[in-house]
Colleague: 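Let me begin by handing over the structure; questions about it come next.
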Amino acid sequence: MKITIYTLFPKMFDGFLTNSIIKRAISKKVVQIKIVNIRDYTKDKYGRVDTPPVSGGAGLIMKCQPIVDAIKNNNGYKILLSPRGKTFNEDKAKALAKKKEIALICGHYEGVDERVNKYVDELVSIGDYVLTGGEIASMAIADSVIRLLKGAITNTSLDNESFNDNLLEYPQYTEPYNYKGAKVPDVLYSGNHKVIDRYNRKMQLKLTKKYRPDLFRKIKLSKEDLRLLNEDEYTKLELAAIKKGKKYIPH
């Protein structure tokens with residue numbers, strides 16, 4: 001995949017491109033990322049890329065000419081980062097990960113000339129809050145898309161991610177078993193993968209129901225899911241039976 005990011009501040013991406021999963025994905029040629037400075041395309045004799053709004057008002061607006069000229073030869077799927085756009089989510093990340101090339105256009109200052117909109121394929125927002133520009137939003141989108149590309153990370157790392165099937169991820173623990181009175185759940189030491197999988201599923205359901213009821217309402221619950229939600233002692237009884245060498249049969 002090729003990702004091109006159009007920005008007024010290319011240096012903001014130095015750390016993003018040279019660390020962690022993104023750096024490895026680039027070195028493995030899973031993705032090619034190009035940072036384009038919109039300033040290089042301005043025809044303003046003073047080199048400006050912004051101007052006060054025509055009708056007056058606070059702040060500066062990015063001019064359409066530099067942006068349009070910068071993206072005109074890009075054949076990828078063009079996205080303008082805008083608060084007007086649909087909110088970015090995991091489904092959108094998966095859809096973008098299937099494309100061969102995407103272009104992310106970062107706004108800045110008080111906004112972008114309205115006429116730029118007709119030159120892009122979609123407007124996208126990463127949430128209902130204000131940022132100084134689209135750079136951070138473009139990094140968030142690029143990161144979420146790249147990690148879905150084959151070879152970027154191991155496939156098993158993607159199996160139980162948050163937002164897969166509208167579920168949050170189950171809790172994860174490390175040693176020691178007891179840290180200042182907070183203990184790792186005993187079920188995770190059982191060695192019975194079916195019991196552990198059932199426990200993890202239950203925790204995904206409970207956490208999603210508690211923290212993201214909007215997502216929980218989208219889940220098609222199975223009979224087993226309903227039983228896990230309604231029987232708080234389910235995994236405890238299973239574990240107790242296993243310790244006694246018996247098979248737990250729920251009533």
Colleague: For Cys106 and Ile5, run side chain to side chain contact (heavy atoms under 4.5 Å, CB included): C-alpha distance rounded to whole Å, both residues' side-chain angles, the deciding distance at 0.1 Å, then the answer.
Modeller: CA-CA 7 Å; Cys106 304; Ile5 301 175; 3.8 Å; yes
Colleague: Enumerate donor-acceptor pairs with a distance under 3.5 Å from any side-chain N or O in residues 24-36 to protein atoms, sequence neighbours excluded.
Modeller:
from  : atom 1 : to     : atom 2 : distance (Å)
Ser27 : OG     : Lys23  : O      : 3.4
Ser27 : OG     : Arg24  : O      : 2.8
Lys28 : NZ     : Gly151 : O      : 2.5

Colleague: Looking at Asn178, I want to see if its CG is surrounded by more than 12 non-hydrogen atoms of other residues, nucleotides or ligands under 6.0 Å.
Modeller: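 Check passes, neighbour count above 12.
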Colleague: Run the side chain to side chain contact (heavy atoms under 4.5 Å, CB included) test against Arg115 and tell me which residues pass, sequence neighbours left out.
Modeller: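 Partners of Arg115 by the side chain to side chain contact (heavy atoms under 4.5 Å, CB included) criterion, ordered by chain and then number, come out as Cys64, Asp113.
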Colleague: By salt bridge (Lys or Arg N to Asp or Glu O under 4.0 Å), which residues pair with Lys43, not counting sequence neighbours?
Modeller: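 Scan of Lys43 (salt bridge (Lys or Arg N to Asp or Glu O under 4.0 Å), adjacent residues dropped) gives Asp69.
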Colleague: If only atom types and distance count, is the side chain of Ser125 paired as donor or acceptor with the main-chain N or O of Gly85 below 3.5 Å?
Modeller: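 Here the side-chain-to-backbone pair does not exist.
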Colleague: State, without any angle test, whether Asn37 and Tyr6 hold a side-chain donor-acceptor pair at a distance under 3.5 Å.
Modeller: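 Looking only at side-chain atoms, Tyr6 and Asn37 do not form any donor-acceptor pair under 3.5 Å.
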Colleague: For Tyr179, what residues pass the side-chain hydrogen bond (donor to acceptor under 3.5 Å, both in side chains) criterion, not counting sequence neighbours?
Modeller: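 Expected list: none.
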Colleague: If you take all heavy atoms of Leu104 and Ser138, which pair is closest and at what distance?
Modeller: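 It is CD1-O, 3.6 Å.
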Colleague: Output all residues satisfying side chain to side chain contact (heavy atoms under 4.5 Å, CB included) with Asn89, sequence neighbours left out; order by chain, then residue number.
Modeller: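 Here the qualifying residues are Asp91, Lys92.
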Colleague: Among pairs that include at least one residue of residues 73-85, which meet salt bridge (charged side-chain N to carboxylate O under 4.0 Å, His left out), considering only residues two or more places apart or in two chains?
Modeller: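 Residue pairs passing salt bridge (charged side-chain N to carboxylate O under 4.0 Å, His left out), neighbours aside: Arg84-Glu114.
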Colleague: Quick one: which residue pairs count as a salt bridge (charged side-chain N to carboxylate O under 4.0 Å, His left out) with a foot in residues 44-66, not counting sequence neighbours?
Modeller: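 Non-adjacent pairs meeting salt bridge (charged side-chain N to carboxylate O under 4.0 Å, His left out): Asp44-Lys63, Arg48-Asp50.
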Colleague: According to ring pair (Phe, Tyr, Trp, His ring centres under 6.0 Å), who are the partners of Tyr177, at least two apart in sequence or on a separate chain?
Modeller: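 If we apply the ring pair (Phe, Tyr, Trp, His ring centres under 6.0 Å) test to Tyr177, skipping adjacent residues, the hits are Tyr189.
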Colleague: Within the structure provided, determine whether Tyr77 and Glu101 are in side-chain contact (heavy-atom separation under 4.5 Å).
Modeller: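 Of all side-chain heavy-atom pairs linking Glu101 with Tyr77, none is under 4.5 Å.
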Colleague: I need the full list of side chain to side chain donor-acceptor pair (under 3.5 Å) pairs touching residues 7-22, with sequence neighbours left out, sorted by first then second residue.
Modeller: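 Residue pairs passing side chain to side chain donor-acceptor pair (under 3.5 Å), neighbours aside: Thr7-Glu135.
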Colleague: Do Arg198 and Glu224 sit within salt-bridge range, that is, some charged N less than 4.0 Å from a carboxylate O?
Modeller: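 Looking at Glu224 together with Arg198, the answer is yes, because their closest N to O distance falls below 4.0 Å.
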Colleague: Applying side chain to side chain contact (heavy atoms under 4.5 Å, CB included), name anything that partners Pro171, two or more places apart in sequence or on another chain.
Modeller: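 If we apply the side chain to side chain contact (heavy atoms under 4.5 Å, CB included) test to Pro171, skipping adjacent residues, the hits are Tyr173, Met203, Leu207.
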Colleague: Using the side chain to side chain contact (heavy atoms under 4.5 Å, CB included) criterion, which residues pair with Leu8? Sequence neighbours excluded.
Modeller: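 So Leu8 forms a side chain to side chain contact (heavy atoms under 4.5 Å, CB included) with Ile38, Arg39, Val49, Met62, His108, Tyr109.
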Colleague: Taking only residues two or more places apart in sequence or in another chain, which ones pass side-chain hydrogen bond (donor to acceptor under 3.5 Å, both in side chains) with Ser222?
Modeller: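 Result, side-chain hydrogen bond (donor to acceptor under 3.5 Å, both in side chains) vs Ser222: Asp225.
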